[in-house]
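For the numbers below, each heavy atom of this structure counts, side chains included, while hydrogens, waters and symmetry mates do not. Note that the structure is predicted; figures quoted are calculated from it, not measured.
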Amino acid sequence: TSSINVFVTGVTGFLGSYILADLLNRPTSPYNIKVYAHVRAKDQASGMQRLIKAGVTYGTWSPAFEKCIEVVLGDLSKPQFGLDSVTWENLANQIDVIIHNGALVHWVYPYAKLRDANVVSTINVMNLAASGSKAKYFTFVSSTSTIDTEHYFSMSDELTSEGKSGILEADDLMGAATGLGGGYGQSKWAAEYIIRQAGKRGLRGCIVR
């Protein structure tokens with residue numbers, strides 16, 4: 001049976017716990033799924049305990065998951081996550097799919113305080129997609145905070161009044177290039193902009209909210 005190796009960030013948060021469980025609860029045939037879970041911790045054992053604690057807290061954990069998980073340490077805001085070149089290359093050569101869910105969610109912090117965690121980290125995770133011997137599929141977990149502007153409020157009202165479903169995901173979000181009041185929405189908007197530019201240059205993947 002072939003395996004699909006999935007690198008997931010933000011696994012110790014609420015949504016991350018559900019993403020992890022969704023991946024590992026899937027039927028294994030014809031593929032086994034192995035999750036490379038990024039966790040901030042002093043060592044892999046501590047990282048696994050953090051991950052288990054989160055899963056138990058959110059009611060998503062199964063003891064059977066542990067054998068399917070490899071903890072990846074490192075700081076996403078640093079190039080190569082601060083890992084040595086050999087560790088980075090080994091990781092890059094293993095991964096097939098990336099789900100970048102990790103972010104600092106804060107409704108008061110300005111953009112400057114969220115840039116490293118939400119924008120620079122995204123660039124570094126995208127660099128993982130571009131490294132190694134395998135082409136990787138990149139999924140970015142974003143937010144409706146990227147469209148919290150008068151432009152999109154008005155557009156949404158207009159489209160729904162015409163019986164349409166609302167703003168299309170194909171929208172380039174330039175209507176929120178100005179007018180976003182919160183640093184979190186601004187940081188997610190900036191990350192999405194960079195991802196879309198990478199998509200024009202060949203990055204395969206999607207943005208989900």
Side-chain angles (χ1 to χ4, degrees), residues 6-23 35-40 54 58 60 72 75-78 81 95-130 135-157 159-160 164-209:
V6 186
F7 178 74
V8 187
T9 67
V11 285
T12 58
F14 176 77
L15 179 58
S17 290
Y18 279 88
I19 291 171
L20 183 70
D22 181 68
L23 287 168
V35 173
Y36 287 73
H38 174 263
V39 185
R40 292 291 296 271
Y58 299 125
T60 59
V72 177
D75 184 341
L76 298 182
S77 68
K78 294 180 179 177
F81 311 158
I95 300 304
D96 300 293
V97 176
I98 294 169
I99 301 174
H100 182 33
N101 169 63
L104 177 55
V105 181
H106 199 289
W107 304 114
V108 178
Y109 281 172
Y111 174 83
K113 288 198 77 168
L114 296 167
R115 178 178 175 270
D116 284 357
N118 296 353
V119 184
V120 175
S121 292
T122 298
I123 294 169
N124 292 334
V125 176
M126 269 200 300
N127 284 338
L128 178 65
K136 300 166 188 64
Y137 192 90
F138 182 88
T139 298
F140 179 67
V141 179
S142 191
S143 167
T144 55
S145 296
T146 56
I147 54 172
D148 284 348
T149 63
E150 283 300 325
H151 171 88
Y152 285 113
F153 297 154
S154 300
M155 181 188 287
S156 179
D157 289 344
L159 290 169
T160 52
K164 297 175 182 174
S165 60
I167 298 157
L168 295 176
E169 283 294 341
D171 192 283
D172 64 8
L173 264 62
M174 292 312 292
T178 59
L180 280 173
Y184 177 69
Q186 291 168 0
S187 70
K188 283 295 199 179
W189 187 94
E192 278 200 38
Y193 180 85
I194 294 165
I195 291 164
R196 273 192 292 276
Q197 298 308 306
K200 292 175 183 176
R201 291 162 174 77
L203 179 69
R204 298 180 307 137
C206 64
I207 293 170
V208 296
R209 301 178 203 288

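Residues Gly175 and Thr149 come closest through the heavy atom pair O-OG1, 3.4 Å. Smallest separation of non-hydrogen atoms from Ala191 and Phe140: CB-CZ, 3.7 Å. Listed here is the closest heavy atom pair of Val119 and Ser187: CG2-O, 3.4 Å. Taking both residues in full, the closest heavy atoms of Ser143 and Lys188 are given as CB-CG, 4.4 Å, listed atom of the first, atom of the second, then distance. Leu114 and His106 get closest at one heavy-atom pair: CD1-O, 4.1 Å. Looking at every heavy atom in both residues, Ala117 comes nearest to Leu104 through CB-CB, 3.7 Å.
Between the CZ atom of Arg40 and the CG atom of Leu76 there is a distance of 7.5 Å, given to the nearest 0.5 Å. Taking CD1 of Ile123 as the reference point, atom CG of Leu128 lies at 14.0 Å (rounded to 0.5 Å). In this structure, Asp96 CG and Tyr36 OH are separated by 9.0 Å, a value rounded to the nearest 0.5 Å. Here the straight-line distance linking atom CH2 of Trp189 with atom CG of Asn118 works out to 15.0 Å at 0.5 Å rounding. Here Leu180 contributes atom CG and Ser145 contributes atom OG; the two are 8.5 Å apart, rounded to the nearest 0.5 Å.
With a 4.5 Å cut-off on side-chain heavy atoms, Tyr109 and Tyr184 do not count as touching. The side-chain heavy atoms of Val120 and Arg115, taken from C-beta on, include a pair separated by under 4.5 Å. Leu23 places a side-chain heavy atom less than 4.5 Å from the side chain of Val8. Using a 4.5 Å heavy-atom threshold, the side chains of Thr60 and Leu20 count as separate. Side-chain atoms of Val6 and Ile99, non-hydrogen and from C-beta on, do get closer than 4.5 Å to each other. The shortest side-chain heavy-atom distance between Phe138 and Met126 falls under the 4.5 Å cut-off. Counting heavy atoms from C-beta on, the side chains of Val208 and Cys206 come closer than 4.5 Å.
Applying the 6.0 Å contact sphere to OH of Tyr18 captures more than 12 heavy atoms from other residues, nucleotides or ligands. Remark: Tyr58 OH is packed, more than 12 non-hydrogen atoms of other residues, nucleotides or ligands lying under 6.0 Å away.
Evaluated for a side chain to side chain contact (heavy atoms under 4.5 Å, CB included) with Met155, the options Ile147, Ile167, Thr160 yield exactly one hit, Ile167.
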Item to check | side chain to side chain contact (heavy atoms under 4.5 Å, CB included) assessment of Val141 paired with Leu15 | outcome: CA-CA 10 Å; Val141 179; Leu15 179 58; 3.8 Å; yes
Next on the checklist: Before you tell me yes or no, could you show the steps for Arg196 and Glu192 under salt bridge (Lys or Arg N to Asp or Glu O under 4.0 Å), namely the whole-Å CA-CA distance, both residues' side-chain angles and the distance that decides it to 0.1 Å?
Outcome noted: CA-CA 6 Å; Arg196 273 192 292 276; Glu192 278 200 38; 2.9 Å; yes
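Relative orientation of the Phe81 and Phe7 rings is parallel, given thresholds of 30° and 60° on the angle between their planes.
Under the 3.5 Å distance criterion, with hydrogens and angles disregarded, a donor-acceptor pair is assigned to the side chains of Thr9 and His100. Asp171 and Tyr152 share a side-chain donor-acceptor pair at under 3.5 Å. If you check the side chains of Ser77 and Asp116, you find no donor sitting under 3.5 Å from an acceptor.
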